[in-house]
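Working notes for the structure below.
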Amino acid sequence: MPPPPWEAAIFLLAGILLRLPGFHVALENNGGFFVSSIRERHRKVPGMGSRLAPLTYEMLAWMWRRFGERWDYAWVRLPGCLAHGLTAAAIFAGVEGIAGRSEAAWGASFYLLAGSVPHLLPWFTCPEWYALPMTTLSFLCAAHGGIPWAVAAGAFATVGAGFKISALAEVGMLALAAAASAGIRGGPAQAVWAFGGFLTVPAVALAMVIVQQGGPGVFWRWAKDMLNYKRADRGHRGTTNTLGSLRVLARATAGIAAGWAPPLVALAFAPWATEGRGVLLGMLAVWAAGGIVSLAVQHVWSPGHWVPLLPPLALSAGICAAGAVAAPLPVRVAFLALLGIALASLCVHALRHPFRMRGYRTWQRIYLDIGRHVRKSTPEGSSLFCWGWHPQIYLFADRRPVLPQNPYCHLDYLNRLEPDWRVKFLDAFEKDPPETVVQINPQFPLMMIQALAGRTYRKTADVRLEKFLGRVYRRADLPPLATFPPGLPWSDRARALRESLPGLWARREYAFLSILGQAAVEWDPADAEARRWLLRADPNLGENPVRSLDNPDESLELRPTGDGMAATLSREAEPLGLTDPVAPRAGARAWAESLPGDSEAYLVFGLGIGHGLAALLERVPDSARIVVVERDLALYREAWQIHPGMFERHARRLVWHVSRPTEDVAKALAGLDLSRAAVCIEPRAVAVDPAYYAALAEALGGRLPPVQHARSEAAAA
């Protein structure tokens with residue numbers, strides 16, 4: 001006899017309430033992927049959608065049309081909350097008729113405990129959550145035995161697989177469980193009929209999908225795409241080999257161990273619960289094996305992918321707990337004591353876990369804040385590109401994505417999924433250059449895009465993340481870093497770029513060599529020759545030449561020398577000048593400290609990459625006027641990249657003379673009282689074009705006071 005509806009309703013309500021505290025947690029990656037694809041498709045922009053989770057996509061699309069951006073898309077949490085409660089209610093209502101009310105109550109309770117662990121909070125929009133009620137009902141129908149029940153089990157399993165196609169392995173195991181149940185009750189023939197009945201609805205549904213999409217060819221292309229996606233995902237997560245897979249598995253297990261502790265304690269008392277329950281426990285083991293097979297095939301051990309294991313684990317644990325409670329007194333005492341310890345561990349875990357409600361909300365809202373920053377600082381309808389797997393930024397920014405497919409923006413992932421991704425990115429940046437670029441992952445090929453696509457960007461904001469300093473770039477109206485004939489293919493542009501590096505080195509244009517060398521390496525990381533030129537120009541890049549040129553050097557220990565004109569790198573005990581490539585900021589600070597701080601004006605010959613000017617602006621009073629003369633336009637562009645916003649903040653203090661004839665500069669400086677000015681020379685600039693600065697000094701008619709310069713090997717050159 002089925003239990004009263006209100007008892008199952010209690011578990012439904014409990015499941016919803018346990019998940020609702022995370023309702024206002026900022027939207028995470030999976031939800032951002034689904035909803036951003038939905039929004040772009042609604043705007044008639046080709047989007048990826050989701051072939052791997054079609055029912056999830058359609059359900060969220062229906063909700064998006066009704067809720068839109070309400071509550072910062074927190075409504076995406078609602079299906080997960082409801083599915084959590086429905087699964088608990090289905091476990092209780094269904095198992096009571098198969099095993100007993102006590103087993104049902106224990107199983108539903110263990111499911112709610114394990115499914116509410118803080119580590120699963122980021123996975124509110126994981127399609128596995130939506131599939132759980134359907135797969136649970138599929139098992140309960142299969143456990144009743146008989147062909148009609150098997151057909152019903154297949155129908156529920158088909159709907160569950162529609163929420164996540166990768167659940168097909170689980171569906172296959174459910175079919176075996178249905179066949180085993182029918183075979184035990186009616187013999188081998190009944191098992192075969194039950195197995196066929198289970199697969200009837202899935203086979204019909206699959207045939208309809210194949211016909212609708214244009215035939216088997218489309219289906220096999222989808223299958224190939226899914227395999228490539230999973231192969232790339234495995235490589236990105238470090239699970240391409242057995243050892244890497246085991247490491248990821250261990251990390252995921254540690255993250256959810258406390259949540260699963262109570263059910264595992266109950267399973268430890270299985271010897272007292274197997275009497276009369278062997279067939280049911282065997283079917284549950286087969287069902288759980290389906291989830292494990294699915295994980296093993298995908299090589300994905302992230303916590304959210306463990307969700308399909310929760311119902312069979314909870315049901316098995318519930319049956320074992322009911323048996324332990326009915327066992328002799330010593331067994332009952334041991335069971336309750338261990339269960340109490342497990343529950344206490346779960347409570348402590350929930351309070352201290354980094355994904356607890358407050359802690360996780362703070363960490364995840366970073367991406368919400370980035371989106372709002374972009375939305376506020378860019379015009380409506382402008383384009384956006386995000387490097388890093390955080391498509392929710394597109395939603396919060398409400399800006400048009402340059403690449404609607406929202407690819408995983410990690411080099412190892414892209415190299416496996418789409419080996420020609422560089423061409424795809426460059427095409428996008430050339431045809432529709434984004435107004436804003438958000439860089440979350442550090443391996444962003446910014447120099448390659450700027451050099452080959454001819455688009456320049458400057459940093460406007462820093463975003464401090466847990467392990468990385470994210471950046472926001474805006475398109476700048478600056479000349480391109482390199483010029484190529486129109487229509488030249490990307491490979492030919494990259495080849496021309498690579499062939500220009502020796503000439504830049506010969507002309508001592510080290511800063512420009514750093515930029516274009518990094519662009520060449522970003523195009524082809526295996527280009528050893530380009531890597532060597534890059535390391536010559538900028539030893540700061542070390543063994544990772546794909547890092548940004550904007551590397552902090554504050555960690556170096558510096559000691560001033562006796563004359564105050566330089567500093568000593570204590571680790572190497574080598575002189576450090578203004579243009580030293582090892583620690584340019586530290587050298588610039590030491591150089592600025594050596595200059596007089598009370599001059600009315602400062603004449604800077606050679607901007608370089610801007611470190612000296614930045615240190616000088618911090619050193620001298622706001623009333624001082626600073627005149628900068630820079631011959632190399634490429635150095636000026638690089639200074640904008642390394643010191644975004646510096647020129648704008650000090651626009652009233654700075655006078656620029658960039659790439660102008662010496663006569664024009666001399667005329668512009670005619671009204672400046674050079675007798676009360678400090679003259680600062682950037683030695684590398686002089687070494688690159690000594691004739692220009694010699695002609696400039698001559699044009700000024702010897703009116704220059706004693707030169708204040710930095711110690712540098714370039715002076716000798």
Side-chain angles (χ1 to χ4, degrees), residues 15-16 19 27-42 47-67 73 75-87 89-90 115 123-141 151-175 198-214 218-219 222-223 225-226 229-230 287 290-291 294 298 300 304-305 307-308 310-311 391 406:
I16 294 174
R19 302 297 283 178
L27 192 64
E28 85 289 359
N29 310 357
N30 287 342
F33 166 74
F34 281 109
V35 184
S36 62
S37 298
I38 290 166
R39 188 184 68 180
E40 295 311 318
R41 178 170 292 185
H42 180 77
M48 177 180 285
S50 181
R51 297 168 181 169
L52 304 181
L55 289 183
T56 300
Y57 184 87
E58 293 302 325
M59 176 187 63
L60 293 178
W62 179 85
M63 298 184 71
W64 180 82
R65 288 192 293 269
R66 281 151 182 81
F67 294 107
Y73 298 96
W75 52 264
V76 175
R77 312 293 185 195
L78 293 175
C81 295
L82 181 61
H84 191 50
L86 284 173
T87 305
W123 299 89
F124 266 100
T125 52
C126 188
E128 281 86 351
W129 282 116
Y130 314 142
L132 283 187
M134 297 296 106
T135 51
T136 302
L137 290 173
S138 174
F139 172 81
L140 295 174
C141 290
V151 175
F156 282 123
T158 301
V159 177
F163 282 106
K164 187 66 179 286
I165 296 298
S166 58
L168 288 175
E170 186 182 0
V171 172
M173 292 296 183
L174 286 171
F198 184 101
L199 295 179
T200 299
V201 177
V204 171
L206 182 60
M208 292 175 61
V209 171
I210 291 176
V211 172
Q212 181 186 11
Q213 298 299 327
V218 174
F219 178 78
W222 282 9
D225 291 344
M226 184 173 69
Y229 161 69
K230 289 302 176 183
W287 182 14
S294 178
Q298 299 179 71
V300 177
H305 295 85
V307 171
L310 293 178
N406 293 335

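- For the pair C141 and A152, the tightest heavy-atom approach, listed with the atom from each and the gap, is SG-CB, 4.2 Å.
- You'll find the side chain of W62 stays beyond 4.5 Å of the side chain of I38, heavy atoms only.
- Residues F163 and T56 approach most closely at O-OG1, 2.9 Å, considering heavy atoms.
- A175 and L199 make their closest contact through CB-CD2, 4.1 Å (heavy atoms, listed as atom of the first residue, atom of the second, distance).
- Side-chain atoms of R19 do not come within 3.5 Å of backbone N or O of R77 as any donor-acceptor pair.
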Step by step, would you call M59 with W64 a side chain to side chain contact (heavy atoms under 4.5 Å, CB included)?
CA-CA 9 Å; M59 176 187 63; W64 180 82; over 6 Å; no

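- T135 places no side-chain N or O within 3.5 Å of a backbone atom of A157 that could act as its donor or acceptor partner.
- Relative ring orientation between F34 and Y57 is described as tilted, the plane-to-plane angle lying within the 30° to 60° band.
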Could you please spell out the steps behind the side chain to side chain contact (heavy atoms under 4.5 Å, CB included) verdict for T136 and W287?
CA-CA 10 Å; T136 302; W287 182 14; 3.9 Å; yes

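- The shortest heavy-atom contact between L137 and A90 is CD2-CB, 4.0 Å.
- M63 is listed as a side-chain neighbour of L78, based on a closest heavy-atom distance under 4.5 Å.
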For F139 and F156: C-alpha separation, side-chain torsions, deciding distance, then whether side chain to side chain contact (heavy atoms under 4.5 Å, CB included) applies.
CA-CA 9 Å; F139 172 81; F156 282 123; over 6 Å; no

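- From H84, atom NE2 reaches atom CG of L82 across 11.5 Å, with rounding to the nearest 0.5 Å.
- In this structure a side-chain-to-backbone donor-acceptor pair under 3.5 Å is present from T158 to G154.
- Closest approach of P391 to F33, counting heavy atoms only: CG-N, 3.5 Å.
- With rounding to the nearest 0.5 Å, the separation of SG in C81 from CG in L86 is 11.0 Å.
- In this structure, R66 forms no cation-pi arrangement with W75, as its terminal cationic atom is not both closer than 6.0 Å to the ring centre and no more than 45° off the ring axis.
- When all heavy atoms of L55 and V159 are compared, the closest pair comes out as CD1-O, 3.4 Å.
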